Amino acid sequence: MEPDRTDCKLVLRLRNGDAGALDAVLKLFWNQLVDYVSALGADRDTAEDVAQQALVRLWERREVLRLEGSLRGLLYRIARNLCFDVSRQRKASERVARRSADPSLANTPHDRIVGAELGAIIETAVNALPQRRREVFILIRYHGLSHRETAKILDLAPQTVANHLGMALADLRETLARYLPDYYHRSESISDRSRSHRAVGGLSQ
């Protein structure tokens, strides 16, 4: 099937680094994407988070985008893969929780020092975000608010909140990649990594 002309124009704009194209994609497909992920069995908040991660992934890979079929179909495929990632991450988190409950596996003093240093680096990166992106990121990632709750607090549309969060995540991935190269070459999302650093003063999925 030949790609839709509108889709082709959006992909071209994305490949050229036009952030406005990402906003256009979000407005066109946000509700459909969230509904699709919900249909896969996710609750509403998880569905919004996966949809957001799909948009971030689209932006991060913009320079190598090749459209075969529709842009919506491409987003659905990305979201489906991310749903599988969420399932694997949940199982990994359960294993970490079991290990944390075992005193024999507690962090060493060296681990805590390294963790604190990494936490300071992450905090600096978050503070360097543009104000609105930082506000959205902190409310959602640190305080666990939903997109809708954040939109109400900041007097923004939910789609605008999603766009700010996507850009914040993309900024942080780029800034932190040199400090966490092993993390940023995996499918694991920054939100899950941020939770792992909360105990040592890092970011807060």
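Since we're looking at a predicted model, the values are computed, not measured.
Ring geometry, W30 versus H147: the interplanar angle falls from 30° to 60°, so the pair is classed tilted.
Q32 places no side-chain N or O within donor-acceptor distance of the main-chain N or O of F29, the cut-off being under 3.5 Å. N16 places a side-chain N or O within donor-acceptor distance of the main-chain N or O of L12, the cut-off being under 3.5 Å. A donor-acceptor pair under 3.5 Å links the side-chain atoms of Q52 to the main chain of A162, judged by distance alone. Under a 3.5 Å cut-off, the side chain of T160 and the backbone N or O of L156 do not form any donor-acceptor pair. In this structure, the side chain of R133 does not engage the main chain of H164 through any donor-acceptor pair within 3.5 Å.
The CZ atom of R72 lies 11.0 Å from the OH atom of Y36; values are rounded to the nearest 0.5 Å. With values rounded to the nearest 0.5 angstrom, L58 atom CG is found 10.0 Å from L33 atom CG. With values rounded to the nearest 0.5 angstrom, L74 atom CG is found 4.0 Å from I78 atom CD1. To the nearest 0.5 Å, atoms NZ (K27) and CG (L22) are separated by 11.0 Å. Atom CG of residue L165 and atom CD1 of residue I138 lie 12.0 Å apart, to the nearest 0.5 angstrom. In this structure, CD1 on I122 lies 9.0 Å from CG on L172, to the nearest 0.5 angstrom.
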Requested in this report: Show the numbers, then the answer: is there a side chain to side chain contact (heavy atoms under 4.5 Å, CB included) between D35 and R44?
Outcome: CA-CA 8 Å; D35 289 344; R44 186 71 182 185; 3.4 Å; yes
Requested in this report: I would like to know whether D45 and R148 meet side chain to side chain contact (heavy atoms under 4.5 Å, CB included); could you show each step before the answer?
Outcome: CA-CA 9 Å; D45 286 343; R148 294 186 298 279; 4.0 Å; yes
Requested in this report: Give the intermediate values and the outcome of side chain to side chain contact (heavy atoms under 4.5 Å, CB included) for residues L154 and L139.
Outcome: CA-CA 10 Å; L154 299 178; L139 286 172; 4.0 Å; yes
Report task. Start with the C-alpha distance between L75 and V25, add both sets of side-chain angles, then the distance that settles side chain to side chain contact (heavy atoms under 4.5 Å, CB included), and finish with yes or no. Result -> CA-CA 10 Å; L75 285 167; V25 170; 3.8 Å; yes
**Report entry** Criterion salt bridge (Lys or Arg N to Asp or Glu O under 4.0 Å) on R13 and D23, from CA distance to verdict
**Finding:** CA-CA 11 Å; R13 289 174 60 192; D23 190 39; over 6 Å; no
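Residues A170 and V56 share a closest heavy-atom pair of N-CG1, 4.5 Å. When all heavy atoms of A157 and A151 are compared, the closest pair comes out as C-CB, 4.0 Å. The nearest pair of heavy atoms linking A79 to V50 is O-CG1, 3.7 Å. Scanning all heavy atoms of the two residues, the minimum distance from L26 to N163 falls at CD1-N, 3.4 Å. The two atoms that bring A42 and A47 nearest to each other are CB-N, 4.1 Å, heavy atoms only. Across all their heavy atoms, R62 and G17 have their closest contact at NE-CA, 3.9 Å.
Within the 4.5 Å cutoff, the side chain of E60 has heavy atoms near those of the R173 side chain. The closest side-chain heavy-atom distance from V37 to L82 is not below 4.5 Å. Contact of the L169 side chain with the W59 side chain is not registered, since no non-hydrogen atoms from C-beta on lie closer than 4.5 Å.
For R15, the CZ atom counts as densely surrounded, since its 6.0 Å shell holds more than 12 non-hydrogen atoms of other residues, nucleotides or ligands. Atom CG of D155 is surrounded by 12 or fewer heavy atoms from other residues, nucleotides or ligands within 6.0 Å.
Salt-bridge annotation for E135 and R132: present, with a side-chain N of the basic residue lying under 4.0 Å from a carboxylate O of the acidic one.
Between the side chains of T46 and D43, at least one donor N or O sits under 3.5 Å from an acceptor N or O.
Among D4, T6, D7, L65, the single residue meeting the side chain to side chain contact (heavy atoms under 4.5 Å, CB included) criterion with L71 is D7.
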